[in-house]
Participant: 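The structure that follows is given in the form of structure tokens.
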Number of protein chains: 2
Amino acid sequence: MEKDEAIKLNNQLCFSIYSLSREINKLYRPFLEELNLTYTQYLVMLVLWEKDSCTMKELGDSLFLDSGTLSPVLKRLTKRALTYRKRDPDDERRVLISLTEEGKQLKETAAEIPGKLINKSGLSEEEFSKTLFDFTNLLQQIQQANTE
Amino acid sequence: MEKDEAIKLNNQLCFSIYSLSREINKLYRPFLEELNLTYTQYLVMLVLWEKDSCTMKELGDSLFLDSGTLSPVLKRLTKRALTYRKRDPDDERRVLISLTEEGKQLKETAAEIPGKLINKSGLSEEEFSKTLFDFTNLLQQIQQANTE
DNA sequence: CGCAATTAAATTGTGTAAAATTAAATTGAG
DNA sequence: CTCAATTTAATTTTACACAATTTAATTGCG
């Protein structure tokens, strides 16, 4: 590509991905509003629905986020009584995050979201799977590039 | 997909694109630090390097962002003397945003970034083009879904 | 063992995003 | 022409991201 072409907004991979990410976020918003969750709070809940309980560190490893982001998110989820926190007795540096009964129950409602989303997106099951596969592969490649 | 599978974090399209977006942002960061620009500020500059001058509204249409986000970004770019703002005499509601000489000159340095990025990402020219094409198409599809 | 290095969270500060509100200018239906 | 509706930006509020710093607990080298 010519250098003058290469610097144009619509030739930036970063911009298409950035826009797509916000646009997909927007697709979720009406469903998440019903649960009274933000997008990030939803991601945290997804992790906890798989594990019931984990440390702040494990949560961060799953979501690629640090305590600077997660501490305030957990503070809000705990205030809403969806989660609770306590120090790990075996290692007082660690914080164990767990779901309350209310937090566990919310999974029932949330389980409807992925289906609704695929439906609303207009993607077929196959397109969805292929896109997820492609995104995941690219993510790994970029993560690799970032650690070199 | 089974409902229990569908609600897992790593089967969420939203999470893969969200992680990918942040990871790509991270790939840019060292280069943008050299220019002393944030990612969003870089996007604004990309638009202005193509047009030299535009209104806040046009900038927002290009980047899919509103004045709530862009006003403070422009305030910072103007403080750094890369841009300047003045009301449109033909329609006082509008704000005309323009590049200063310093802002124009920064394009020379920035023009190196896209090449460096492709290189660092490990993608071939073909992979890059195909990925850009796929993302742009998907973006349009999701934007369509969001307006229905 | 003792203490320097490491690890885990929380906190602080900066910069977006997005929704909602406000204010000012312009438009257009009657 | 006139005023209600619309348009454009800015502001306010809430909630992330991320870097940098702080604090407390744990590890492990000498």
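Just so we're on the same page: letters track the sequence lines, and every chain starts at 1. Values in this document were obtained by computation on a predicted structure and should not be read as measured data.
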Participant: Return whichever of A:T38 or B:E33 has its heavy-atom-nearest nucleotide of DNA chain D closer to the 5' end.
Facilitator: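 Nearest-nucleotide comparison on DNA chain D picks A:T38.
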Participant: On DNA chain C, compare the nucleotides closest to A:P72 and B:D66; which residue's is nearer the 5' end?
Facilitator: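 The residue whose closest nucleotide sits nearer the 5' end is A:P72.
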Participant: For DNA chain D, find the residues of residues 13-32 of chain B with a heavy-atom distance under 4.0 Å and give them by number; none if there aren't any.
Facilitator: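 DNA chain D contact set from residues 13-32 of chain B: B:Y18, B:R22, B:R29.
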Participant: As an exercise, state the distance from CG of A:L74 to CD of A:Q41, rounded to the nearest 0.5 Å.
Facilitator: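 One gets 9.5 Å once the value is rounded to the nearest 0.5 Å.
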Participant: To the nearest angstrom, how far is A:Y42 atom OH from D:dC16 atom P?
Facilitator: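 Answer to the nearest Å: 15 Å.
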Participant: Rounded to the Å, how far apart are B:N36 CG and C:dT14 P?
Facilitator: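 Rounding to the nearest Å, CG of B:N36 and P of C:dT14 are 14 Å apart.
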Participant: Could you state the NZ-P distance from A:K75 to C:dA10, rounded to the nearest angstrom?
Facilitator: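 In whole Å, C:dA10 P lies 8 Å from A:K75 NZ.
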Participant: Show, in sequence, the C-alpha distance, side-chain angles and deciding distance for B:T136 and A:S16, and conclude whether the side-chain hydrogen bond (donor to acceptor under 3.5 Å, both in side chains) test is met.
Facilitator: CA-CA 6 Å; B:T136 305; A:S16 62; 4.8 Å; no
Participant: OP1 or OP2 of D:dA17 less than 4.0 angstrom from a side-chain nitrogen or oxygen of A:T40, does that happen here?
Facilitator: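 Yes.
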Participant: So which nucleotide from D:dA25, D:dC18, C:dT16 ends up closest to the side chain of A:T69?
Facilitator: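 That would be D:dC18.
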Participant: Between A:K8 and A:E5, is there a side-chain N and carboxylate O pair less than 4.0 Å apart?
Facilitator: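 Looking at A:K8 and A:E5, the cut-off is met.
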Participant: Is A:K107 salt-bridged to B:D4, cutoff N-O under 4.0 Å?
Facilitator: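 Answer for the salt bridge query: yes.
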Participant: What's the shortest heavy-atom distance between A:L82 and A:M45, and which atoms?
Facilitator: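 Looking at all heavy atoms of both residues, the shortest contact is CB-CE, 4.1 Å.
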Participant: Closer than 4.0 Å, any side-chain N/O of A:R76 to the OP1 or OP2 of D:dT14?
Facilitator: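 So the side-chain polar atoms of A:R76 never come under 4.0 Å of the phosphate oxygens OP1 or OP2 of D:dT14.
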Participant: Starting from the 5' end of DNA chain D, give me the residue, A:E92 or A:Q41, whose nearest nucleotide shows up first.
Facilitator: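 That would be A:Q41.
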Participant: Specify the closest pair of heavy atoms between A:A110 and B:I7, including all atoms of both residues, with the distance to one decimal.
Facilitator: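 In this case the closest contact between A:A110 and B:I7 is O-CD1, 3.4 Å.
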Participant: Between CG of A:L132 and CG of B:N10, what distance do you get to the nearest 0.5 Å?
Facilitator: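 Rounded to the nearest 0.5 Å, the CG-CG separation comes to 8.5 Å.
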Participant: Whole angstrom is fine here: how far is it from CG in A:L77 over to C1' in D:dA15?
Facilitator: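 Checked: the CG to C1' distance equals 12 Å.
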Participant: Against A:N146, only a single residue in B:K26, B:K120, B:R29, B:E23 fulfils side-chain hydrogen bond (donor to acceptor under 3.5 Å, both in side chains); can you say which?
Facilitator: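 The residue from B:K26, B:K120, B:R29, B:E23 that satisfies side-chain hydrogen bond (donor to acceptor under 3.5 Å, both in side chains) with A:N146 turns out to be B:E23.
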Participant: Within this structure, what is the CG-to-P distance between A:L59 and C:dT7, rounded to whole angstrom?
Facilitator: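 From A:L59 CG to C:dT7 P: 20 Å.
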Participant: Rounded to whole Å, how long is the line connecting atom CG of B:L65 with atom C1' of C:dT16?
Facilitator: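 Rounded to whole Å, this separation is 9 Å.
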Participant: Rounded to whole Å, please give me the gap between CE in B:M45 and P in C:dG15.
Facilitator: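 Taking CE of B:M45 and P of C:dG15, I get 16 Å after rounding.
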Participant: Reading nucleotides 2-9 of chain D 5' to 3', which nucleotides get B (base under 4.0 Å from a protein heavy atom), which S (sugar-phosphate only), which -?
Facilitator: -----BSB
Participant: In whole angstrom, give the distance that lies between atom NZ of A:K79 and atom C1' of D:dA15.
Facilitator: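 From A:K79 NZ to D:dA15 C1': 13 Å.
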Participant: Taking the six-membered ring where the residue is Trp, are the ring centres of B:Y18 and A:Y18 under 6.0 Å apart?
Facilitator: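 When the ring centroids of B:Y18 and A:Y18 are compared, they turn out to be at least 6.0 Å apart.
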